[in-house]
Amino acid sequence: MATSSSVLDGHSEERMLRKLSAYRNYPPGVGRTSRFFPVRRVSAVRDYPPFCGPNALSLSKGDVSKGNGTEERKREFDFLARGGGSKTVMTARKSVNHSWMMLVKKKEGNASSSGGMDGKFSDAHRYCYNVNVPLLCRDNLSRGNSEADVTRNTVREIMRCFQAVCRKLLQEEEAKLKGKAKIRRRIDLEAAKILKKEGKYINSGKYIFGSVPGVEIGDEFDYRMELHLVGLHRNLQAGIDYTMRNGEHLATSIVASGGYNDELDKSGLLIYSGHGGNVMSRKKAPEDQKLERGNLALKNSIKKKNPVRVIRGAFFGGGSRRTFVYDGLYEVESCWQERGPHGKMIFKFQLRRIPNQPELPWIELQNSNMFTLRKGLCVADISNGKEALPILAVNTIDNEKPPIFEYITRMIYPSWLQPTPSKGCNCTDRCSDPTTCSCAGENGGIPFNHTGCIVEVKPLVYECGPSCKCPPDCYNRVSQNGIKFPLEIYKTDKRGWGVRSLRSIPSGRFVCEYIGELLEDKEAEERSGHDEYLFDIGGNLIKDALDSGGGFTIDAARFGNLGRFFNHSCAPNMYAQNVLYDHGDHRIPHIMLFAAENIPPLKELTYDYNYSKDEIFDSDANIKKKNCYCGSVGCTGRIY
DNA sequence: GTAAGATCACCGTT
DNA sequence: CAACGGTGATCTTA
């Protein structure tokens with residue numbers, strides 16, 4: 001009760017609730033727009049620029065090197081560390097975390113000539129394949145202490161690497177084909193080769209019965225290859241994975257893809273068909289399935305009662321994206337034969353989910369009508385129709401209503417700073433040809449896949465804008481088009497209000513912009529009391545900012561959008577990306593939040609606020625501290 | 001609708 | 001007996 005992180009430094013939750021009750025009857029965004037009540041509040045703090053020091057995380061020696069941003073950033077850090085331009089007291093501000101890890105792969109046949117340069121930048125680098133993957137944690141401290149902690153983070157990092165490499169390969173292919181032909185490359189196989197070369201396979205040494213370290217129920221995968229490389233299910237095509245133990249075949253995992261019309265029951269019962277008998281092949285005549293291989297292993301597992309991992313493959317979102325979701329451990333209960341649709345005998349197995357495991361989020365969502373019958377629904381749409389999709393507010397914790405603020409969907413710029421559009425491209429197609437599109441040239445290629453995923457982390461992304469001749473569905477217009485996923489705010493147990501999605505979000509997709517009023521830094525200093533909603537921008541383009549005598553801050557306190565509700569996490573699943581599209585002013589990029597990994601439905605959406613620890617002081621020069629309740633593996637317990 | 005594809009169990013040979 | 005190579009199987013993937 002008293003541990004709510006939404007209440008800080010001397011403010012009790014009771015006091016907070018009393019204040020809230022005064023506004024409870026006002027629907028959000030209506031009336032009293034000048035009144036503001038913060039969900040979270042921090043005292044004066046000082047914000048150092050993001051910088052990756054020697055503690056930077058690397059997955060394994062030599063293979064993953066850290067990119068630290070530009071030289072300008074380092075100079076900026078030195079500048080501020082010396083005391084230049086700093087103040088003793090500053091308001092707390094979120095900022096873009098510009099660290100990433102770089103996965104480097106040498107081209108075949110080139111390795112010998114450039115031996116000894118692994119993981120380092122060199123002239124040979126331009127022959128290398130590389131991609132900037134969003135970092136999971138800012139420093140080693142947040143990697144956790146136990147073996148299991150490290151494994152979980154390692155799994156997440158390797159999945160990010162795989163996904164980023166896939167996006168990069170897809171980008172290359174799309175650029176080559178210029179949108180004319182269908183892609184035929186197996187990017188999953190290629191990405192796996194790259195990761196294998198980098199030593200990024202885990203849990204692959206031995207067969208594992210039961211849970212796989214670092215993989216959690218609800219984790220989502222796009223390719224069978226991903227199941228393979230984290231050790232969840234090693235076969236790339238076969239649905240039953242098994243091994244020999246004490247002279248007996250036993251099943252370790254199955255993939256229920258629906259290829260044999262397998263049925264899944266909400267009660268945890270799964271009827272699974274055996275494999276073999278040429279049921280899937282059209283080239284050979286179907287035969288009776290034999291009690292061998294996986295079929296035999298599953299049958300043996302009835303007696304042994306060994307746990308079998310179940311991975312469900314389906315079009316869960318109802319869309320065109322098929323994913324594999326880890327469903328947890330099952331036991332095989334029984335086995336029988338019956339006649340299949342082709343007239344031949346097939347095996348059937350009944351599996352039951354082992355109790356006391358976390359439920360899949362799909363279950364809860366399937367049992368409720370998404371937009372009207374959500375449990376604890378208290379506001380039908382906090383955007384009041386301003387977003388394309390309604391943004392629900394649900395609270396199953398207490399009676400608190402969401403805070404009052406004015407919902408906006410466009411940045412508010414001060415009257416003296418009305419940004420003007422930069423010169424656009426002359427493309428008449430969807431800017432699929434990076435050699436002719438001038439906007440693509442600014443980016444060094446179109447930074448997005450045709451699936452709407454950002455390929456990799458960049459200091460700055462240039463989307464096409466109002467001056468461009470390309471159509472609205474241009475591949476280089478992504479984040480400017482707003483929220484695409486059904487999102488809701490919800491009351492968390494310890495972190496005030498948070499945000500989650502009702503659909504799974506693929507790695508790399510745009511989620512939400514951080515919108516508010518644009519202020520000069522010095523004006524932001526003067527707005528005390530609600531600094532929880534400040535976001536420091538333009539940090540990566542610090543040279544411009546310093547030259548012009550100061551940076552800018554987004555204040556989402558009085559006017560803002562959903563972006564103000566995302567909580568901090570030490571191991572977040574989104575990251576903030578600088579984007580320009582409607583103007584060319586590098587000092588004031590848009591702050592766009594992108595998914596850094598596959599995010600299952602109902603999982604809290606978070607990013608790294610990027611505060612520094614022990615470097616934030618109040619007016620008495622005391623170090624200010626704020627507890628972190630993000631609950632992620634390896635959380636250090638402090639936001640700053 | 002089809003062909004390429006990676007990996008492993010299995011089996012036979014060295 | 002270990003190590004290696006060939007073969008067949010496989011609820012993939014574009």
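We use all heavy atoms of the structure for the numbers below, so side chains are in, but hydrogens, waters and symmetry mates are not. All chains are named by letter (A, B, ...) in the order of the sequence lines, taking the proteins before the strands, and each is independently numbered beginning at 1. Predicted model only: the values in this text are computed from it and were never measured.
- When distances run from any side-chain atom of A:Leu236 to the nucleotides B:dA9, B:dT7, B:dC8, the shortest one goes to B:dT7.
- For the pair A:Arg152 and A:Asp219, the salt-bridge criterion is met [side-chain N within less than 4.0 Å of a carboxylate O].
- Taking the six-membered ring wherever Trp is involved, the centroid distance between the rings of A:His228 and A:Tyr201 falls below 6.0 Å.
- Between the side chain of A:Arg224 and the base of C:dT13, no donor-acceptor pair under 3.5 Å is found.
- When each of B:dC8, C:dA14, B:dA6 is scored by its nearest atom to the side-chain atoms of A:Tyr223, the top-ranked nucleotide is C:dA14.
- In this structure, the ring of A:Tyr575 has its center no less than 6.0 angstrom from the ring center of A:Tyr607.
- A:Phe349 comes within 4.0 angstrom of nothing in the nucleic acid, heavy atoms only.
- Between A:Arg293 and A:Asp188, the residue anchored nearer the 5' end of DNA chain C, judged by the nucleotide with its closest heavy atom, is A:Arg293.
- Atom pair A:Lys348:NZ and C:dC11:P shows a separation of 14 Å (rounding to whole Å applied).
- Closest to the side chain of A:Tyr272, from the set B:dA9, C:dC11, B:dA6, is C:dC11.
- Contacts of A:His233 with the nucleic acid, taken as non-hydrogen atoms under 4.0 Å apart, are absent.
- When each of A:Lys484, A:His590, A:Glu463, A:Gln577 is tested with A:Ser479 by the rule side-chain contact (heavy atoms from CB on, under 4.5 Å), just one qualifies, namely A:Glu463.
- Here the side chain of A:Leu189 is nearest to one of B:dA6, C:dT10, B:dT7, namely B:dA6.
- Map A:Ala238 and A:Arg322 each onto its nearest nucleotide of DNA chain C; the residue landing nearer the 5' end is A:Ala238.
- Counting only heavy atoms from C-beta on, A:Asn235 has its side chain closest to B:dC8 among B:dT7, B:dC8, C:dT12.
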